[in-house]
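Here the structure comes first, spelled out in structure tokens, and everything after it is commentary.
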Amino acid sequence: MNDQSSMIDPFGRAITYLRVSVTDRCDFRCVYCMAEDMAFLPKKDLLSLEELERLCTVFIEKGVRRLRLTGGEPLVRKNIMHLIGQLSRHLETGALDELTLTTNGSQLERFAAELSNCGVRRINVSLDTLDAEKFRAITRWGVLDRVLRGIDAAQAAGLKVKINAVALRGFNEAELPGMIRWAHGRGMDMTVIETMPLGEVDVDRTDQYLPLSELRAALEEQFTLADIPYKTGGPARYVDVAETGGRLGFITPLTHNFCESCNRVRVTCTGTLYMCLGQEDAADLRAPLRASEGNELLSRSIDEAITRKPKGHDFVIDRRTRRPAVSRHMSVTGG
Ligand code: SAM
Ligand code: SF4
């Protein structure tokens, strides 16, 4: 992968990875992600698909090599396949190494084949449990069977699927070993994630928070885990699981600070650029995008924002720190 980028932050990190939240809406209401009665953005505030494409293209011209679409649920945005089709041209020219997405899987049955035709090679599917009732409880609105059919369709279309599960104390901690066996048995990598304090939700995060150091110790009672240098460009640290022959990733924003190798920035569906998932500082790219047809202003605004990329986040979850570190929900910035 090419690490050349004209976007270098004050700490010498080259920005080569862009995550774009294409919508703040979702057909689920996962309890750790959203409140049940979320207020969504008015449609007029959203960037159009054409604007999103222009924005992504400018980032690619400036050195982004990997692009991940997320949300909210990216596949519920109207005409999303049009955007994906447009962006896939950058794969054909070689300007982009990877176009991928993070999805809850609910719409995959419908879109898997088209995604594959657009050059998408792997996707992340978020799935916290294989128990239908628990799935309904954690997502509030989701139907497990539909997601499982989506995963089948994705694999049938030749997409590599990685399962992402948020580790939640008292919810799925006992089930995770079984999920690892299930995912690895189907040829899928799996990653476990710590809950992050983003946005007010209806539950107490202190009760849900399960440090992955603790989970790892528990997993080691039944699995042999060997650290490996495998990297996907994201923040996960991987181990090989001897008993299953599969790979397991740990994303530990709270127990292990991974910021030093951060190569990414995030844009929301309103064109707000966040230089760090865990900080409030942001830059508005919608105004420069709309101010002229050329990309000069936009490019300058991006450069200026990159000079403000912070060294890292300050997430904490403990009894004394009850408020979220940042007020926006994960569905705004995207996971
Ligand atoms: N809707 C898509 C999905 O669920 O995959 C994409 C967006 S979702 C916000 C991206 C990821 O963020 C999901 O894997 C989700 O489980 C995770 N997530 C949401 N809220 C979180 C939180 N507070 N802490 C940690 N992960 C969170
Ligand atoms: Fe929707 Fe994904 Fe948030 Fe769940 S985690 S509510 S699927 S955006």
Side-chain angles (χ1 to χ4, degrees), residues 19-38 40-41 68-77 80 100-108 111 122-129 135-144 146-147 150-151 154 161-169 171-172 176 179 189-212 215 234-236 249-255 258 264 266-269 274 277-278 313 315-317 323-335:
R19 290 194 168 213
V20 183
S21 174
V22 295
T23 176
D24 63 331
R25 289 165 196 253
C26 187
D27 52 345
F28 291 3
R29 290 288 181 281
C30 302
V31 296
Y32 49 75
C33 178
M34 292 194 185
E36 185 150 26
D37 59 339
M38 290 286 285
F40 292 109
L41 294 161
R68 178 177 296 276
L69 304 185
T70 175
E73 174 47 40
L75 295 179
V76 303
R77 170 100 195 225
I80 186 65
T100 183
L101 71 161
T102 300
T103 172
N104 65 22
S106 68
Q107 311 296 317
L108 269 180
F111 288 123
R122 53 182 193 135
I123 56 173
N124 290 353
V125 178
S126 305
L127 181 63
D128 302 324
T129 173
F135 186 81
R136 164 63 64 155
I138 198 82
T139 61
R140 290 194 185 103
W141 297 1
V143 179
L144 176 67
R146 195 161 162 192
V147 172
I151 292 173
V161 177
K162 179 161 77 78
I163 301 294
N164 282 346
V166 177
L168 297 163
R169 186 183 294 287
F171 176 76
N172 61 3
L176 287 169
M179 282 188 75
D189 285 349
M190 181 158 158
T191 294
V192 283
I193 310 172
E194 281 172 349
T195 47
M196 289 174 247
L198 300 175
E200 293 284 355
V201 289
D202 308 323
V203 292
D204 182 347
R205 287 212 173 86
T206 342
D207 295 337
Q208 291 183 320
Y209 172 52
L210 173 63
L212 293 190
L215 175 68
F250 292 90
I251 300 188
T252 55
L254 291 135
T255 48
F258 48 58
R264 66 189 56 195
R266 299 160 195 266
V267 180
T268 70
C269 54
Y274 285 98
L277 176 66
H313 65 68
F315 290 145
V316 224
I317 293 188
R323 276 183 314 109
V326 292
S327 56
R328 63 186 188 277
H329 289 84
M330 189 71 142
S331 52
V332 174
T333 348

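Keep in mind that what you see is a predicted model, and the values were worked out from it rather than measured. Whatever order the structure lists them in is the order used to number ligands and atoms, beginning at 1.
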List every atom of ligand 1 that sits less than 4.0 Å from any heavy atom of [X], numbering the atoms from 1 in the order shown and giving each element.
{"X": "S126", "answer": "3 (C), 4 (O), 5 (O), 13 (C), 14 (O)"}
{"X": "G72", "answer": "1 (N), 2 (C), 6 (C), 7 (C)"}
{"X": "T103", "answer": "2 (C), 3 (C), 5 (O)"}
{"X": "T70", "answer": "6 (C), 7 (C)"}
{"X": "C33", "answer": "19 (C), 20 (N)"}
{"X": "G71", "answer": "7 (C), 9 (C)"}
{"X": "V166", "answer": "16 (O), 26 (N)"}

Heavy-atom gap E194 to ligand 1 smaller than 4.0 Å: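 Judged by the 4.0 Å heavy-atom criterion, E194 does count as contacting ligand 1.
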Listed partners of R140 passing side-chain contact (heavy atoms from CB on, under 4.5 Å), at least two apart: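 Result, side-chain contact (heavy atoms from CB on, under 4.5 Å) vs R140: R29, V31, E36, D202.
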Residue list, side-chain contact (heavy atoms from CB on, under 4.5 Å) with T139, at least two apart or on another chain: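 Checked T139 against side-chain contact (heavy atoms from CB on, under 4.5 Å); matches are F28, C30, F135.
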From N124 atom CG to T191 atom OG1, the distance as rounded to the nearest 0.5 Å: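 Answer for the CG-OG1 pair, N124 versus T191, is 7.0 Å.
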Mind checking whether [X] and [Y] have side chains closer than 4.5 Å, heavy atoms only?
{"X": "L75", "Y": "D27", "result": "no"}
{"X": "V147", "Y": "N104", "result": "no"}
{"X": "L210", "Y": "L168", "result": "no"}
{"X": "L215", "Y": "E194", "result": "no"}
{"X": "V166", "Y": "I138", "result": "no"}

Per atom 3 (Fe) of ligand 2, closest listed option by heavy atom (C33, S126, C26):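 Looking at heavy atoms only, the winner is C33.
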Which of the ligand 2 atoms, numbered from 1, are nearer than 4.0 Å to a heavy atom of F28: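 Going through ligand 2 atom by atom, the ones under 4.0 Å from F28 are 6 (S), 7 (S).
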N/O separation below 3.5 Å, Y32 to ligand 1: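 Between Y32 and ligand 1 (N or O atoms, distance only) the closest approach is under 3.5 Å.
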Region of T102 that comes within reach of ligand 1 [heavy atoms, distance under 4.0 Å]: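 Under 4.0 Å from ligand 1, T102 contributes backbone and side-chain atoms.
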Whether C30 has an N, O or S atom under 2.8 Å from atom 4 (Fe) of ligand 2: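 It does: C30 brings an N, O or S atom closer than 2.8 Å to atom 4 (Fe) of ligand 2.
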Min heavy-atom dist G72 to ligand 2 below 4.0 Å: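 Checking ligand 2 against G72, which is what was asked, there is a heavy-atom contact under 4.0 Å.
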Any donor-acceptor N or O pair under 3.5 Å, side chains E73, T103: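 There is such a pair between these side chains.
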